[in-house]
Amino acid sequence: MAAMTLYQSVGTLQSCRNNGNSGLCPDYGHVSFRSVSKGFKVDVGLLRGGSFCSRKRSTCVIQASASQATVFDEASAPSSATTSDSNKKTSEAALILIRHGESMWNEKNLFTGCVDVPLTTKGVEEAIEAGKRISNIPVDMIYTSALIRAQMTAMLAMTQHRRKKVPTIIHEESEQAGAWSQIFSEDTKMQCIPVVTAWQLNERMYGELQGLNKQETADKYGSEQVHEWRRSYDIPPPNGESLEMCADRAVAYFTEHIEPQLASGKNIMIAAHGNSLRSIIMYLDKLTSQEVISLELATGIPMLYIFNEGRFIRRGSPPAPAEATVYAYTKKLAQYRQKLDDNV
Ligand SMILES: O=C(O)[C@@H](CO)OP(=O)(O)O
């Protein structure tokens with residue numbers, strides 16, 4: 001597809017429809033809009049990452065290929081942006097969040113929490129599919145929980161990345177582990193992506209619900225009680241962690257370790273869990289303890305944020321390569337993708 005890529009002239013976002021709200025779209029979900037470029041109309045159909053649409057006077061550049069079109073927002077794009085994986089010239093960086101693919105206990109409908117179970121075949125496929133969605137987005141560092149389902153997801157997703165860097169787990173559990181996993185070639189190091197594993201990103205500890213069947217538990221205690229344990233902000237399951245307690249460690253880890261990397265221009269992927277990611281999204285999107293109740297994350301669907309000038313801008317989930325949709329890349333991300341296309 002590389003040769004088919006073309007840049008059309010700057011167009012103006014003319015209308016944006018979402019629940020009848022012309023010109024103003026929420027940060028979530030898909031929106032459809034039409035863009036009018038000088039002299040000709042372009043119907044670009046679906047747009048993901050509604051933050052692009054939130055400014056009525058936004059201008060966009062349309063990059064079209066035979067299979068898929070991408071759109072990026074000129075207004076938010078620094079002109080000095082480069083196409084390197086890690087851009088030190090601007091503070092913009094990509095943050096990808098992925099909930100692991102289906103695990104063997106998701107399949108059996110068991111409360112899992114911190115029990116360390118692997119992915120199912122479906123989960124493996126979801127992780128690979130997630131990788132295809134982010135295969136054009138730069139990744140300089142990966143953070144995963146200490147649990148195998150998140151680590152499998154990160155590794156499988158990266159097998160699909162077009163840059164073909166190798167995710168390499170950092171072992172710092174002992175001095176010897178660090179020493180024995182050293183790489184002695186600078187060139188090889190440049191082709192590696194460090195993977196940091198952190199227990200703080202683990203799923204919330206589900207206490208005495210771990211290993212119980214979710215349906216049977218709802219039948220026994222009532223679905224309202226079980227929903228409260230599963231989705232409320234501050235009510236913990238018996239001897240387990242509430243979302244608030246989970247946030248105390250997951251969000252603290254994010255702000256202490258991951259945010260500084262983003263601020264230095266590093267593009268980051270985090271592979272973690274339904275509830276540890278809910279707590280991080282609550283922080284990123286400034287959700288209230290009421291709003292977070294209805295936040296549900298699907299397995300294996302990556303979500304992209306742009307970190308710019310200390311702010312997190314939600315961009316939704318990048319489309320799979322086969323999807324005929326338009327995605328609101330930033331200029332920097334569009335240039336990165338273009339560079340990958342040029343090197344094919
Ligand atoms: O069992 C778990 O650990 C979690 C995620 O699968 O369940 P829930 O959907 O209740 O957050």
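Remember, it's 1-based here, ligands and their atoms both numbered in the order they're listed. Along the sequence shown, the residues carry numbers beginning at 1.
- Other residues, nucleotides and ligands contribute over 12 non-hydrogen atoms within 6.0 Å of the CD atom of Q182.
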**Q.** Test log, rule salt bridge (Lys or Arg N to Asp or Glu O under 4.0 Å), inputs R278 and E296
**A.** CA-CA 8 Å; R278 281 174 75 229; E296 294 283 349; 6.0 Å; no

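- Ring geometry for F312 against F254 counts as tilted: the plane angle lies between 30° and 60°, on a 0 to 90° scale.
- Applying the salt bridge (charged side-chain N to carboxylate O under 4.0 Å, His left out) test to pairs two or more places apart or on separate chains, those with a residue in residues 186-195 are E186-K189.
- With sequence neighbours excluded, no residue satisfies ring pair (Phe, Tyr, Trp, His ring centres under 6.0 Å) with H227.
- The 4.0 Å heavy-atom shell around ligand 1 contains residues R99, N106, L110, F111, T112, G113, E203, Y206, K214, R230, R231, N275, ordered by chain and number.
- Clustering of Ile, Leu, Val, Met, Phe, Trp and Tyr side chains at separations under 4.5 Å places W105 together with L110, V115, V117.
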